[in-house]
Each structure stands twice: as structure tokens, then as C-alpha cells.
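Below is one structure, written out as C-alpha cells; the observations come after it.
Below, read A as the first sequence line, B as the second, and so on, with proteins coming before strands; counting in each chain starts at 1. Scope of the values below: all heavy atoms of this structure, side chains included, with no hydrogens, waters or symmetry mates.
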Number of protein chains: 2
Amino acid sequence: MARATPEKRRSRTRGQAGNDRRTQIIKVATALFREKGYHVTSLDDIADRIGFTKPAIYYYFKSKEDVLFAIVNSIVDEALERFRAIADGPGSAGERIHALLVEHTRTILRNLDANTVFYNERGLLSPKREKEMRQREREYTEVMRSLYAEGVASGELLDIDPSVATATLLGASIWSYRWFDPKGRLSVDEVAEQIAKLLLNGYRR
Amino acid sequence: MARATPEKRRSRTRGQAGNDRRTQIIKVATALFREKGYHVTSLDDIADRIGFTKPAIYYYFKSKEDVLFAIVNSIVDEALERFRAIADGPGSAGERIHALLVEHTRTILRNLDANTVFYNERGLLSPKREKEMRQREREYTEVMRSLYAEGVASGELLDIDPSVATATLLGASIWSYRWFDPKGRLSVDEVAEQIAKLLLNGYRR
DNA sequence: CCTACCGATCGGTAGG
DNA sequence: CCTACCGATCGGTAGG
């Protein structure tokens with residue numbers, strides 16, 4: 001069990017190096033949490049793969065949960081930002097929803113590891129943090145819901161319950177994280193376009 | 001290991017008692033696995049809620065994973081059965097897909113606890129069992145995929161990749177397990193109809 | 001179906 | 001960022 005000597009202190013400034021290490025821990029943890037799940041992954045697993053020991057992680061994070069939180073938090077931040085930009089942009093309600101769906105799927109599929117952890121493991125956060133996550137997620141669900149309601153009012157969109165519509169459209173997009181194969185024949189952009197097209201037009205020709 | 005099987009016990013005076021106990025363990029485990037997740041739920045938690053002690057569970061199950069497997073397995077069985085009945089029934093490809101989607105959503109929402117466990121925790125089964133689950137799931141995905149391809153060939157359905165279409169339609173239906181509120185204003189049937197309607201027609205009026 | 005208990009794992013800390 | 005280690009939890013078993 002001789003530990004692999006980690007390549008110590010690259011000749012860099014202290015702050016930058018610390019940031020790299022933190023980023024590296026997050027990256028490795030993200031991959032492992034996705035592969036095995038949060039509880040099956042031990043801090044030793046993470047440390048081993050990086051090449052140092054468990055207590056090193058506590059130099060950068062206060063707890064295991066904090067590592068998960070860092071991953072989950074970055075995802076929701078990113079999503080919320082993109083949503084607002086598109087929702088506040090030009091176009092009819094229907095056009096903006098289309099743009100939203102394409103962008104949403106793209107964002108998920110381009111960062112599959114972190115998004116998988118987000119959707120699979122966020123329920124394991126402390127009640128307080130989980131509540132906060134739900135709150136921020138509701139914010140961007142609400143952005144789309146009000147867009148949909150606007151489209152129904154103007155007669156542009158199918159008249160069903162806007163909450164059901166929003167949840168269904170987003171769900172169809174989100175679910176791609178479970179079946180998309182980065183090594184498959186279709187690219188992220190192709191899949192994102194096809195999903196959005198199907199939702200816009202329906203499967204009946 | 002030289003213990004009596006539950007089957008032997010069942011033939012006693014108490015009749016279905018053994019079976020009831022097993023069913024009760026599954027029911028309680030399903031609720032707890034959904035609430036807290038598989039790994040956060042201990043066998044003591046399950047036993048406590050029923051009112052006996054942990055070793056009693058080992059009278060009915062060989063391991064904790066076997067309890068999870070019993071839950072997950074029943075779900076995939078049920079889904080596969082319903083899928084085949086509808087797919088082999090009457091109607092055009094589009095009509096059968098519609099019926100499939102309504103029924104699929106209904107089945108999930110009527111049995112939310114077990115389906116939530118199925119979709120959230122099945123990845124925690126042993127590699128062998130997980131592979132088996134994936135296999136059976138692919139069977140019913142394939143049922144729908146070939147229906148979709150048939151509809152594209154006949155010109156009835158939107159011409160996109162049948163695999164993408166199938167995954168997206170099913171995903172939109174499945175995702176309802178995450179947002180449906182049994183105490184909300186819409187019933188299971190209403191939600192199932194609205195989802196299917198949206199997918200059939202698209203959100204653009 | 002119970003009491004009693006074991007072995008292993010693991011998050012986290014002390015102290016350097 | 002390391003060595004050494006603790007306390008608690010927990011799946012599972014022995015033996016009745």
C-alpha cells in the first residue's frame with residue numbers, strides 16, 4: 001500500500017495550484033459518483049484515483065457532502081443562467097421554448113457526468129440544501145411555465161395545463177442523460193435538434 | 001442455511017401468513033427506499049417500521065439486495081406485459097403508440113413508490129442483475145421502436161430517428177414520476193392523457 | 001422470529 | 001498534504 005508520491009508543488013502560485021487541486025477533486029468525484037453512485041464511492045476511492053490520501057480532500061472541502069454540493073450547485077447555476085438569457089430574448093413564446101429545449105438538451109449532453117450526478121444524486125444532499133436546490137430549479141421551471149401560459153393565451157400553443165406541458169417537455173429533454181451514447185452515431189447537436197423537433201410537431205405527421 | 005422455506009410455512013394454519021409477511025417487507029422497503037434511498041435505508045429501519053427485528057428479514061430474503069431486486073423485478077415484469085398486449089393489439093402504429101404512452105404513464109403514477117425505486121435505485125443492483133434488467137427493458141423499448149419505424153415507413157409518423165423518438169417519448173412519460181403530485185389538482189388519468197396528447201400533436205398548435 | 005455479536009467499511013479528526 | 005486512528009454504522013450470521 002505504498003502511496004504514489006503525488007507530484008508535489010508545481011512551480012506555480014499558491015492560489016492557482018490550490019484551485020487546480022480543487023477542480024481535480026471535483027472532476028474525479030464527478031466521474032466516480034456517476035459510475036458508482038455517491039454512497040458507494042468512498043473518499044479513499046477519490047483520493048486513490050488522484051494519487052494522494054483521503055485527508056488531503058479535507059484540505060479543500062469540509063465534508064463529503066460538500067464535494068457533491070459543489071458539483072450539483074454548478075449545474076443549476078449554469079442552467080438557470082442560460083434559461084434566463086433565452087427566455088428574455090426575441091421570438092414568440094413557441095420559438096423561445098424551442099430554443100430553450102435545444103439549448104437545455106445540449107447543455108446536459110455536453111456535460112454528461114456532472115448532469116448525471118445532478119439528476120441522480122441531488123436527493124442525497126442535506127434537507128436544507130436539497131430545499132435550496134429545489135427552489136432554484138423551480139425558478140427556471142417557472143420561466144418556462146409562464147412562457148407556455150403566454151403562448152396558450154395568444155393561441156400559439158396547444159391548450160393543456162402549462163405546468164404539465166413544461167414538466168413533460170423538460171422531462172423529455174432531461175431524460176436524454178440516461179440513454180445518450182457519446183460514442184453513438186448521432187452527435188449531441190443532432191439529438192438535441194431531433195428531440196426539440198419531435199416535441200414541437202408531435203410524432204403524428 | 002438449513003432453515004425452512006417460507007413456502008413450507010405458508011401451508012400452515014395461518015395460511016397466507018408467510019406470503020403476507022414477505023409482501024409487507026416489500027411494501028415497507030419500497031416506501032423507505034423511495035424516501036431515503038437504498039443505501040441510506042438500513043435493514044433495521046425496515047424491521048423497526050414493521051415491528052420486528054432485522055434477522056427476521058433474512059427469513060424471507062437472502063440479502064438486502066434481494067429485497068431491492070424483488071421490487072425492481074416486479075416493475076419490469078408488469079411493464080413488459082402491458083406493452084406487448086397493446087403493441088400486438090389493433091390500430092395504426094400511431095394509435096398504438098398513443099395507447100402505449102397513456103397506459104405507461106398511468107401504470108407509473110398508480111404505483112409511484114415502486115416505480116420511483118425502479119428508476120432511481122436499479123443501478124445499485126449487482127452487475128449481473130443490472131445487465132438482466134437492462135436486457136428486459138430493451139425488449140420493451142424495442143417493441144416501441146419497431147412500431148415507430150413502421151409508422152415512419154407508412155408515412156404516418158414524423159420522420160426522425162426511431163430510437164431517438166422512442167427514448168424521448170418514453171422519457172417524457174417516465175419523467176412524470178419526478179413531478180406528479182398525487183395530492184395535486186390533476187388526477188393520474190388527466191395527466192396521462194395530457195402528456196400523450198402533447199406528444200402526439202406537439203406544443204405548437 | 002429473537003438475542004447477541006462479528007467483521008468490515010468509512011467519514012472524519014489529531015497532530016504533524 | 002501525510003500517518004495513524006477513532007467511533008459509528010451496518011450487512012450478515014450463530015444459535016436458539
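In this structure, A:Arg145 contributes its side chain and A:Ser163 its backbone to no donor-acceptor pair below 3.5 Å. Put simply, the side chain of B:Asn73 never gets that close to the backbone of B:Phe69: no donor and acceptor are under 3.5 Å apart.
Residue pairs meeting the salt bridge (charged side-chain N to carboxylate O under 4.0 Å, His left out) criterion with at least one member in residues 63-80 of chain A, sequence neighbours excluded: A:Lys62-A:Asp66, A:Glu65-A:Arg129, A:Asp66-A:Arg129, A:Asp77-A:Arg136, A:Glu78-A:Arg82.
The distance between the ring centers of A:Phe83 and A:His104 falls below 6.0 angstrom.
The aromatic rings of B:His39 and A:His39 sit tilted relative to each other, their planes meeting at an angle between 30° and 60°. Between A:Tyr119 and B:Trp175, the ring-plane angle classifies as perpendicular under the 30° and 60° cut-offs.
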List the protein contact pattern of nucleotides 4-16 of chain C with one symbol per nucleotide (5' to 3'): B for base contact, S for sugar-phosphate-only contact, - for none; contact means a heavy-atom distance under 4.0 Å. B------BBB---

5'-to-3' dot-bracket of DNA chain C (Watson-Crick, G-U; under 3.5 angstrom; crossing pairs as [ ]; | other strand): ||||||||||||||||

Tell me which donor-acceptor pairs under 3.5 Å the side chains of residues 192-202 of chain A have, and how far apart each pair is, sequence neighbours excluded?
residue  : atom : partner  : partner atom : Å
A:Gln194 : OE1  : B:Asp161 : N            : 3.1
A:Asn201 : OD1  : B:Arg204 : NH2          : 2.5
A:Asn201 : ND2  : A:Lys197 : O            : 3.0

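For the side chain to side chain donor-acceptor pair (under 3.5 Å) test, no residue two or more places apart in sequence or in another chain qualifies with B:Ser74.
Remark: A:Arg122 is positioned above the aromatic ring of A:Phe118, its terminal NZ or CZ atom under 6.0 angstrom from the ring centre and at most 45 degrees off the axis.
A heavy-atom distance below 4.5 Å is not found between the side chains of B:Lys27 and B:Gln24.
Taking every side-chain heavy atom of A:Thr53 into account, D:dC2 is the closest of D:dC1, D:dC2, C:dC1.
Within residues 26-35 of chain B, no residue has a heavy atom under 4.0 Å from DNA chain C.
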